[in-house]
Amino acid sequence: MTNSTVLAVSFADRWHDFWLGSIGDWILVRGVPIALYLIGGLLAARFINWGAQRIVRRIDAEYRESDQLVRSESAKHRQAVASVISWVTVALLFVIVMVQVTTLLAIPVGSLVAPAAVLGAALGFGAQRVVQDLLSGFFIITEKQYGFGDLVSLTVASINDPAEGTVEDVTLRVTRLRSTEGEMFTIPNGQIVKTVNLSKDWARAVIDIPVPTSADLNQVNDVLREVAEKAKEDPALRDLLLDAPQMMGVESIELDTMNLRMVARTLPGKQFEVGRRLRVLVVRALRRAGVASPTDGSTPMVEAIVHPATAGGAEQQK
């Protein structure tokens, strides 16, 4: 028998004895199952996230491929629910894997009661904000306050200016908004004090039109009513208006001007586009009618005095 044969037999014996020993037995009985649980948990979490993203993309594709001008409320809600379900499922999967690993490691549950109580008390004080975020997110989604694609204005605690933009993601903990400048706002749900949804079911374009006090009010009203009647026939407005614009009359009187208000019910989120188009039509009509400007009396001027409820959103949309 050669030296190489002796070395090979010796190594094989040691390798066999290793797996029969305590370390090898632990690896086979506990180590391998633990590794399989961890790897399986990671793969399952990736699959859950992939499935949720696929569902969201499918819902979004249905909207883009259809002739709808705005997303339906059910589609917005389904996208938010899909995101939440994936998040909760991954959290439950993590808990299950940890319980199985703890069982395989033979860690006695009784010995963890005291440390768990101390840890729970510490988390109770330190994670109050997280719990508040989760509860607020739960009610935001179940009450359908807003969803994916909604145009919202959120008042955040301790911040004067509201966060305004389009909802890009809603989870149990945070809401993500994309502003008109492309900025991404990530807002904890527990910090949201007031929610203003500018694209819920329908919206209203509010246009205040200043004219000089010297103008013939009857003539101005006739011109504006004609604009309102023809607005439904305008190619840029007929698909966005839910009904014909209405004249509300004189809204306010100042030293040298009167403000007349026109309102129009529109599709969700389209009030700013409709408002801009109506202002163009009003300017043209007043110019043709020869209505004098409140400033110089030669060039008609029509501007929008934004409704207080949508002041911030209107400025951003412009």
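Just so it is clear, the model here is predicted, and its values are computed rather than measured.
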Would you find a donor on one side and an acceptor on the other, under 3.5 Å apart, between the side chain of [X] and the backbone of [Y]?
X      : Y      : result
Asp150 : Tyr146 : no
Gln219 : Ala289 : yes
Asn221 : Gly249 : no
Asp133 : Gly190 : yes

Kindly indicate whether the side chain of [X], heavy atoms from C-beta on, has any atom under 4.5 Å from the side chain of [Y].
X      : Y      : result
Leu172 : Ile140 : no
Leu134 : Arg173 : yes
Leu286 : Ile209 : yes
Leu267 : Trp202 : no
Asp169 : Thr175 : no
Ile207 : Arg261 : no
Leu260 : Leu217 : yes
Thr166 : Leu177 : no

Is [Y] reachable from [X] through a run of I, L, V, M, F, W or Y residues, each pair having side-chain heavy atoms under 4.5 Å apart?
X      : Y      : result
Met248 : Val206 : yes
Val32  : Ile34  : yes
Val174 : Val193 : no
Val101 : Ile96  : no
Leu42  : Tyr37  : no

[X]: which residues meet the salt bridge (Lys or Arg N to Asp or Glu O under 4.0 Å) condition with it, sequence neighbours left out?
X      : answer
Asp216 : none
Lys230 : Glu226
Arg225 : Asp222
Glu229 : none

Which residues satisfy the side chain to side chain contact (heavy atoms under 4.5 Å, CB included) test with [X], sequence neighbours excluded?
X      : answer
Phe139 : Thr142, Glu143
Thr213 : Met258
Ser136 : Gln132, Asn189
Ala52  : Ser86

**Message:** Within the supplied structure, the quantity of interest is the number of heavy atoms (other residues, nucleotides, ligands) at a distance under 6.0 Å from Met98 CE; does it exceed 12?
**Reply:**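 Atom CE in Met98 is packed in, count exceeds 12.
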
Nearest 0.5 Å, please: how far is [atom2] in [Y] from [atom1] in [X]?
X      : Y      : atom1 : atom2 : answer
Leu154 : Phe185 : CG    : CZ    : 10.0 Å
Gln145 : Thr195 : CD    : OG1   : 5.0 Å
Asn259 : Ile253 : CG    : CD1   : 9.5 Å

**Message:** Go through it in stages, so that I can follow the logic: the residues are Gln246 and Met262, the test is side-chain contact (heavy atoms from CB on, under 4.5 Å), and I'd like the CA-CA distance, side-chain angles, deciding distance and then a yes or no.
**Reply:** CA-CA 6 Å; Gln246 297 179 353; Met262 178 185 292; over 6 Å; no

**Prompt:** Quick one: side chain to side chain donor-acceptor pair (under 3.5 Å) partners of Asp234, sequence neighbours excluded?
**Reply:**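 Partners of Asp234 under the side chain to side chain donor-acceptor pair (under 3.5 Å) test: Arg277.
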
**Message:** Holding to side chain to side chain donor-acceptor pair (under 3.5 Å), I want the full list of residues that pass it with Arg178, two or more places apart in sequence or in another chain.
**Reply:** Glu168

**Asked** Does any pair with a residue in residues 240-249 pass salt bridge (Lys or Arg N to Asp or Glu O under 4.0 Å), and if so which ones, sequence neighbours excluded?
**Response**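 For residues 240-249: Asp243-Arg265.
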
**Request:** Quick one: list whatever passes ring-ring contact (aromatic ring centres under 6.0 Å, His included) with Trp50, sequence neighbours left out.
**Result:** Phe47

**Request:** Starting from the C-alpha separation in whole Å, work towards a yes-or-no answer on side-chain contact (heavy atoms from CB on, under 4.5 Å) for Ile141 and Thr171.
**Result:** CA-CA 8 Å; Ile141 294 171; Thr171 67; over 6 Å; no

